[in-house]
Structure formats: C-alpha cells, structure tokens
2 protein chains.
Amino acid sequence: MAAVRRSSRATIRDVARHARVGIATVSRALNDDPGIAPATRARVLAACETLGFRRSSLARGLKLGATDNIGVAIMSRHAPVILNPFYAEVIGGIEEVLEDAAKHLLISSLKRGDDLLELASEGRVDGLLVVGCDVAPQVLAQLRDAALPVVLIDNAFDGITSVVIDHHGAGRQAGRHLLAGGGTRFAFVAENLENPNFRARLGGFRSALQEAGSQLSPEAVAAGGDSWDGGFVAMQRVLSALATPPDAVFAANDPAAMSALRAVRERGLRVPDDVALLGVDDIHLAAHHVPPLSTIAFDKRGLGRTGASHLLGRLAGHDVPALTVLATELVVRETSRSGDGAR
Amino acid sequence: MAAVRRSSRATIRDVARHARVGIATVSRALNDDPGIAPATRARVLAACETLGFRRSSLARGLKLGATDNIGVAIMSRHAPVILNPFYAEVIGGIEEVLEDAAKHLLISSLKRGDDLLELASEGRVDGLLVVGCDVAPQVLAQLRDAALPVVLIDNAFDGITSVVIDHHGAGRQAGRHLLAGGGTRFAFVAENLENPNFRARLGGFRSALQEAGSQLSPEAVAAGGDSWDGGFVAMQRVLSALATPPDAVFAANDPAAMSALRAVRERGLRVPDDVALLGVDDIHLAAHHVPPLSTIAFDKRGLGRTGASHLLGRLAGHDVPALTVLATELVVRETSRSGDGAR
DNA sequence: CTGTTAGCGCTTTCAG
DNA sequence: CTGAAAGCGCTAACAG
C-alpha cells in the first residue's frame, strides 16, 4: 500500500512506524542489543529491508562522537601524492588494517599545515595518520595537544606516537656493504641534503665508514636538485670535484642511484667493476632496472600497517609504543658486489 | 579566568557565550552571512580563535544533508588496490579536481557489491566515483536508482554517468599499427579473456585486421592466467599451437606484453625483427623496460579528472554527458616498428 | 521487553 | 541586525 519513498531516504522513524514499534526498539535491533525479543528484532529488520533503510552515519556519529573515519594526511608541497609509489605502498598497508577494522579511509594530500589542523579538529575523522616528514614542528606541537589521536608515519615527534624507518641504520648498512665489497673511495649523492631522512642516511653512512677508518671528503657529497636527474647532476659534481673517481657510491634513494648510474657510465666507468652503486628504497623499478640495482629495502607496507594498528590501538584505549623503528634490509643485485665475491 | 577546555572541543554555544551573542549570530559569522554587523562578526571570529573553535562537520552535515566527502570505490577482489599503479593514477586525477573543490576523498577498496551499496546509502559521502569494471550489473542497477549521484570510471552502465577509455579503438589502433609495420601473422595474448576491457581491445584488434583482409586464428588468441606471468604462459600457448610463429602480437596490457616478450625470446625469436610486440596502458615501467615497450597509452589522470568533474557537476545540479569516451594514443618505442620504417 | 524523551552541534525560520 | 527555538536522525537513559 504505502508508496515507496523514492528520494529522501527512510529514517529510523519510518522503520518504527512500519514495524509498529518505537524508534528505540529499531535502534536496539540495529545495534544487536541483547534485550530485545527475537520476534520483534526480526520484524524490525524486515521493515528495514523493505524500506531500504540504512542508518545515517552522520546522525549516528554526532550522537556517538565518532565517525569510523580515519584521516590519512600526506604532507607535500608537490602534486598529487598518491602517485608517489612510496606513499601508495604505505597507504596500501594502512588500508589493509583499516579494512579489517571496518574503518573508512579519508585521504588528503595537504599543502599547508593549517589544513592539517583543520582536518584534525572538524570532527570528520576519529584519528589521524600523518605521513611524511614535510610538516612544520609548530603544527606537530598543536597536533600533540589536540584531543584527536594522531600517529606519525615516517616522521617522529616527541609526544606523538611515531613509526619510522631506521634511516641511520640504512646508512650504516650501506657503508658496511660498500666497505665489504672492497670500496676505498666513497661518495654520497642525493637530490637534496635538507631532507631529514637523507641526512640520517648520510649520517649512518659516515659513521660506518669512520668505524672502518675510512671517510667521506666534502667534495664526495653532493646534491643535484629535486628533479628527475638530481642524482645525475650530483654524480657529475662529485666526478668533476674529485681527482680520482670514487669506487663506491651511496645514493640517498633509488631514483638518485639510477640517474647517478647514467653519469658514471657517461664518464666511461663500469658498474660495478669500476664503481659500486647502492640506492635506498627498493622501488619496483629497481629490480627491473638495467642493471638491476642494489639497494636497501624497507617494508613500506609494514610502515603503514604498523602506524594504522597503533592508531587503532590508541582509539581502543590501549597503550602503544611511543616510537617504533623499523629495520631495513640490504638487497644486493648487480650494481654492487657482496663481500664474499670480493675476497 | 575561564579555564581552557582541554579535551571536549568547544561548541558554537561556548563561542556565543564568550562573544556575548546568540548562537545564531555565531553561525552567521561563520557562514559569511551578509546580514551581520562587522563589529559583531569580528568579535565572534575572535572568540572562535581564542577558544580554538571549529565547526563540527558532523552536526553541520546532519543539518545540511551534505558532508563534502566524495567516495571513491574501487572494486576488486584482489588485495589493496591503491597499489595498482593504474588506479593510483586515476585517483591522482580525482584528487586533483576534488582538492580544488575542497572536497574530501573517502577511499574504499571493496570486495562485495553490498559494501558499495552500504557506502552509497549511509550518508557518509555526497557522491560516489566507482572505479573499474569489476562490479555486478544488479549492484549497478541499484546504484542507478539510488538518490546519490554516482559516476562510473572505466566502466559504463546505462543510466549512470560513465567515463571510459576507448578500448575498442585502442584495439583498432593496435591492429593498424601492426599491419603498417608489416605484420602478417597476428596473435593476441592476455591474462584472461573475461575482462570486458580486454575483450573490447581484442574486438577492435580483430576489426582492424578484418578491414585489411587479415585475421586472427583461434589458436592465435590465448589467456595465460591472472598472475605475474600470465602473458608468458599465453605466449607459450600461442607459440606451441601455431605451426609458424606470429610476427605481430598484441598484448591486452603492458605486463602481459612484457612477460610475453620473455616467451618470445626464449623461443629464440628477436623483437622487433622477428616479431613485433605491442601492449596497452603505457605503465611507467614500459618506457624503462629493455627494450622500451611499444604500447597504447591512455590518459589515466584524465579519466579521474573527468569523472570527478562530472560528479561535481551533478552535485551542482548541472547536466553532464551520460557517456564520455576518452581516446587513446599509440606510442611506438622499440618492440615494434612504425609503418614508415617498414616500407 | 518496549516506548518516551532528551539531547549530540549545527543551521534556519520567525520574531523582535 | 540579533536572539529564541525547532529539528536534522540517531542513541541512551529512564520509565513503564
């Protein structure tokens, strides 16, 4: 009899009327409240079905003070960030755990710190995963004091749950590997030397070298600019600054390594015979590069997974570690030689 | 004097009290209502500032019936979908236009059609972008009848605004290119032959071949399975089914093309001298492959951008085209030869 | 077991 | 120009 409501969605009140119960009963049926007669519940559920009723997440959220949305904020001054394969992997890991928890993913790539603070205080999300280290300290400080649970991914800040990669350790690993491969004249190339992660990698590299009595001369460290061929330019600089070319170069990341490799070859040097080359990231391309690139891999998915589960933990009121450091793994392919072969 | 509220956020009422006005006035100030004295507005805004007040998007949404959230649903039975570089590009395009419109992106990779319908009717989003063709017709039918504006990306359905790639046209382009390069014995390899897009590509390929009086024998069409080496397996099948190997093969996508290439080489055939090979997608790897892969490119970002702006248009009450077909572009690299060279 | 009622925080008539 | 009050759809006391 009753005409089917086409447009404006049915509300809990419509269902109540249809099932001849009070709205509280409908709510109870929907929330699996134990104190409800099975027959009544069935009737209510049937009414929901025929009316095509679905709870408004807005009204529910307003009442409960929660949305089941988790914000993923990726700070970047550069263009759409999902395109960065690194972030894509991290997000994949996040998604993996949020899906199991039936949370929704609200993704924003933000340019300004204010946008982040707004997202944090609008009530649009129950918690925030902030990815990347491109966010100002004072913004982080405000975030720390916010009511909203926040976890930092690939960034650390005192007072905020943080999950990071051991960039310093990666640098040490690189140093030891290049040393073991017989390297004696070292270099470090990067797109820039401001990125805190790059600096940490460089720091670790230096420390491993020093332990072995080697070192990195100032001319052997270069930045080539944040573009496609930053590594290329950096490598050229090193090559022209040094009297003798290096025989072991560590690049701050895989793209830099690949483009540095071109510079090395243009100079007539062979890889890995004349110079060993090592990147960081293990991007997908690395394995398919010619020659396959030696690199230091880290678990990007795991970064996302860990961050997400820590956030979920905080939302559930659990204690979670303030700082989690994820280890890296050396992947020797064909731009460097393992120590064994060199002996 | 008043202690700063640390936890539970300030509400519009707190601001009203602080600014000694009514809550309606606060609301007006926040919404840039013209009918408000500049002095009052300033006072209210100042109060917001000192209290660190931000409107609850939930309450606002409940009242206004809108959330400023746009859902992006990616249907896939397989694992986290953001990892698929194709989707990542599409999402990048979507993000690009939604960001300008100050909309938030709610991303869900869904396995079941029901999840999609739930997302569509919970009121969590104002509109829905459904990406990919892995969604059941009856689900689409329900979506069509929903109150929520929906646009399909890389999928078409009668009655729903759709944005697609001209897969058939891509197949035709492939056929003509391979023909022009001197091909005479053609083959088509894919991971599967069920995917509607793959079928459309095959259909276009066939039609171009037929126009030229050529054709594709049944043994020259093979699927190798949805795995890493589906193209490899498919190519092997073709190679062993045919008395004479083909000299021009069209792969349903780039990964299939790359892995088919391995099979061709294992058979001792050279590319492109003995056999020309062409993929579809122009994935990032294609240009960096050895040899660089000829392929048919399409504007994945544009797909996302177009879909998103159509959705925005619908939300704004504008008319938008029911179906938009995006053209593809042939990219000749080193696994095939352009017609000129062959003559 | 079930119904009535009071808000969650906001926007928006409707009166001043 | 500003305030009081109603109500968006839901959940959670509180009574029956």
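Chain naming here is simple, since letters A, B, ... match the order of the sequence lines and numbering starts at 1 in each.
Considering all non-hydrogen atoms of both residues, Ala47(A) and Val15(A) come closest at CB-CG1, 3.9 Å. Nearest heavy atoms, Arg54(A) versus Arg9(A): O-NH2, 3.2 Å.
For Leu58(B) and dC10(D), the CG to P distance is 13 Å, given to the nearest whole Å. The interatomic distance linking Leu64(A) (CG) with dA13(D) (C1') rounds to 14 Å, in whole Å.
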Side-chain donor-acceptor contacts of residues 317-325 of chain A below 3.5 Å, not counting sequence neighbours, with atom names and distances?
none

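For Thr40(B) (side chain) and Pro38(B) (main-chain N/O), no donor-acceptor pair under 3.5 Å exists by modelled atom type. The backbone N or O of Ser57(B) sits nowhere less than 3.5 Å from a side-chain atom of Arg124(A) that would complete a donor-acceptor pair. Between the side chain of Asp14(B) and the backbone N or O of Thr11(B) there is at least one donor-acceptor pair closer than 3.5 Å. Without hydrogens or angle criteria, Thr25(A) side chain to Val21(A) main chain gives no donor-acceptor distance under 3.5 Å. Asn69(A) contributes no side-chain N or O that, together with a main-chain N or O of Leu106(A), makes up a donor-acceptor pair within less than 3.5 Å.
Taking a 6.0 Å sphere around CZ of Arg20(B), one finds it holds 12 or fewer heavy atoms contributed by other residues, nucleotides or ligands. Within 6.0 Å of atom CG in Asp100(B), more than 12 heavy atoms from other residues, nucleotides or ligands are found, so the atom counts as buried in its surroundings.
Listed in residue order, the members of residues 26-47 of chain B having a heavy atom less than 4.0 Å from DNA chain C are Ser27(B), Asn31(B). The stretch residues 118-126 of chain A has no heavy atom under 4.0 angstrom from DNA chain D at all.
Between the axis at the start and the axis at the end of the helix from dC1(C)-dG16(D) to dG16(C)-dC1(D) there is an angle of 40°, using five pairs per end and rounding to 10 degrees.
By the side-chain hydrogen bond (donor to acceptor under 3.5 Å, both in side chains) test, Arg55(B) pairs with Asn31(B), sequence neighbours left out.
One finds a salt bridge joining Arg112(B) and Asp114(B) here, because a Lys/Arg side-chain nitrogen approaches an Asp/Glu carboxylate oxygen to under 4.0 Å.
Nearest-nucleotide positions on DNA chain D for Arg20(B) and Leu62(B) put Arg20(B) closer to the 5' end.
His167(B) and Asp154(B) are linked by a side-chain donor-acceptor pair at a separation below 3.5 angstrom, with hydrogens and angles left out of the test.
Residue contacts for Ile12(B): at a heavy-atom cut-off of 4.0 Å it reaches a base atom on one of the strands shown.
For Arg55(A), no side-chain nitrogen or oxygen approaches OP1 or OP2 of dC10(D) to under 4.0 Å. Remark: Arg60(B) is not in phosphate contact with dG9(C), judged by side-chain N or O atoms under 4.0 Å from OP1 or OP2. Considering only side-chain N and O atoms, Thr25(B) lies nowhere under 4.0 angstrom from the phosphate OP1 or OP2 of dT2(D).
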Kindly give the atom pairs (protein nitrogen or oxygen, nucleotide nitrogen or oxygen) under 3.5 Å for nucleotides 5-7 of chain C.
unit_1 : atom_1 : unit_2   : atom_2 : d
dG7(C) : N2     : Lys63(A) : NZ     : 3.0
dG7(C) : N3     : Lys63(A) : NZ     : 3.4

